[in-house]
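Counting convention: from 1, in listed order, for ligands and their atoms alike. Remember, predicted model here, so these are calculated numbers, not experimental data.
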Amino acid sequence: MSRTSDTSDVLVVGGGIIGLVTAWRAAQRGFATALVDPEPGGGAAQVAAGMLAAVTELHYGEQTLLALNVASARRYPEFAAELTDATGHDLGYRRCGTLAVALDADDRAHLRELHAFQLQSGLVAEWLSGRECRRLEPMLAPGVRGGLRVDGDHQIDPRRLAAALVAACERAGVVFHRAWADRLTVVRDRATGVVTTDGTALGAGRTVLAGGSLSGRLAGVPDAVLPPVRPVKGQVVRLTMPEGRAPLLNRTVRAVVRGNALYLVPRESGELVVGATSEEMGWDTTVTAGGVYELLRDAHELVPGITELPLTETRAGLRPGSPDNAPLLGPTALEGLLLATGHYRNGVLLTPVTGDVMAHVLTTGELPAEARAFTPGRFTTAPALTEQSA
Ligand code: GLY
């Protein structure tokens with residue numbers, strides 16, 4: 001038995017930054033909007049470092065995604081200003097640029113290849129010698145062999161971003177249901193909302209599934225449209241500069257150390273975020289001695305001075321990975337059900353463009369040209385909309 005609570009035009013399932021930005025934009029477009037999540041503003045944004053790294057996180061085979069990443073990076077200044085105007089929140093948006101460095105000959109060769117690929121892709125990155133890298137960042141290890149200066153890759157504080165989006169949603173009239181969505185309701189081949197774990201039925205004209213790594217687990221979603229999203233664990237440590245001390249780094253510093261991607265993101269507040277492991281461990285969010293050891297060992301190799309800093313937090317989160325590392329955006333084959341999920345390594349970067357894309361879809365029924373490649377339909381194989389066996 002379920003109790004009917006209320007009905008909205010748009011119901012967003014999931015209150016991470018992707019769900020929040022979708023709800024905010026939907027409410028701004030005049031839709032009666034609700035969001036269901038036990039803890040809006042939680043999720044992977046509480047762990048993420050917040051790099052806006054369209055250029056330095058370029059990967060082979062992800063050229064289509066690159067266009068969306070670049071489009072979102074371009075929107076960040078206006079998006080951040082609008083969100084701050086709407087809420088009064090400081091987002092920790094810092095246009096500090098990024099330096100990607102190499103510690104040995106192999107890393108250097110890898111970085112040279114990345115540089116060539118960046119230039120072929122029309123991106124801006126400048127090759128620097130080891131000495132030039134250390135001139136920019138004097139706390140780098142003397143062994144740094146060269147690097148890429150990317151002045152266009154910035155950062156934002158994802159925790160502040162999430163808090164601001166919650167405030168923006170509240171001000172725009174989004175109704176929060178602080179509960180877990182238990183099951184999608186489907187009536188005559190149309191999604192009609194969800195039932196929460198406390199048995200409340202939330203009806204909706206359109207339901208947007210934006211549950212991050214949990215998006216593939218909502219009961220009641222037919223197999224044919226269930227998003228193929230999996231959790232990819234990332235462990236992160238946070239160090240803090242003692243008050244009054246000059247920061248160790250002026251910009252984000254990245255490297256690949258023994259095959260592991262490493263980044264150090266210095267905030268104006270004095271926090272230094274060091275991340276991240278990438279582990280296919282299912283739903284495990286344990287912080288392990290090995291994970292923390294490897295991050296600190298590699299970070300120490302890059303910036304020896306970090307060992308003096310207080311270690312203030314260790315945490316693990318789950319990236320919502322998709323089969324092609326790109327998000328799933330827009331309508332599904334089930335009428336009334338849309339997706340905004342699978343943002344994997346780029347959720348923070350893709351927040352502005354996702355909000356705009358989802359607002360466009362909700363208003364017109366169609367994906368805008370820039371997002372057509374990210375239709376959930378690219379993974380739809382089974383023709384029948386048979387309900388998922390719970
Ligand atoms: N984008 C950084 C990460 O996923 O670790």
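Ion pair Arg145/Asp107 not flagged as a salt bridge, since none of the NZ, NE, NH1 or NH2 atoms sits closer than 4.0 Å to an Asp/Glu carboxylate oxygen. One finds no salt bridge joining Arg160 and Glu268 here, because no Lys/Arg side-chain nitrogen approaches an Asp/Glu carboxylate oxygen to under 4.0 Å.
No side-chain donor-acceptor contact under 3.5 Å links Gln235 and Glu294.
Aromatic ring pairs are classed by plane angle as parallel below 30°, tilted from 30° to 60° and perpendicular above 60°; the pair Trp24 and Phe79 is perpendicular.
Thr285 has its side chain within reach of Leu318: a pair of non-hydrogen atoms, C-beta onward, lies under 4.5 Å apart.
Using a heavy-atom distance under 4.0 Å as the criterion, the protein contacts of ligand 1 are Met51, Glu57, Tyr263, Ala276, Arg319, Arg345.
Judged by a 6.0 Å distance limit and a 45° cone about the ring axis, Arg178 is positioned over the six-membered ring of Phe176.
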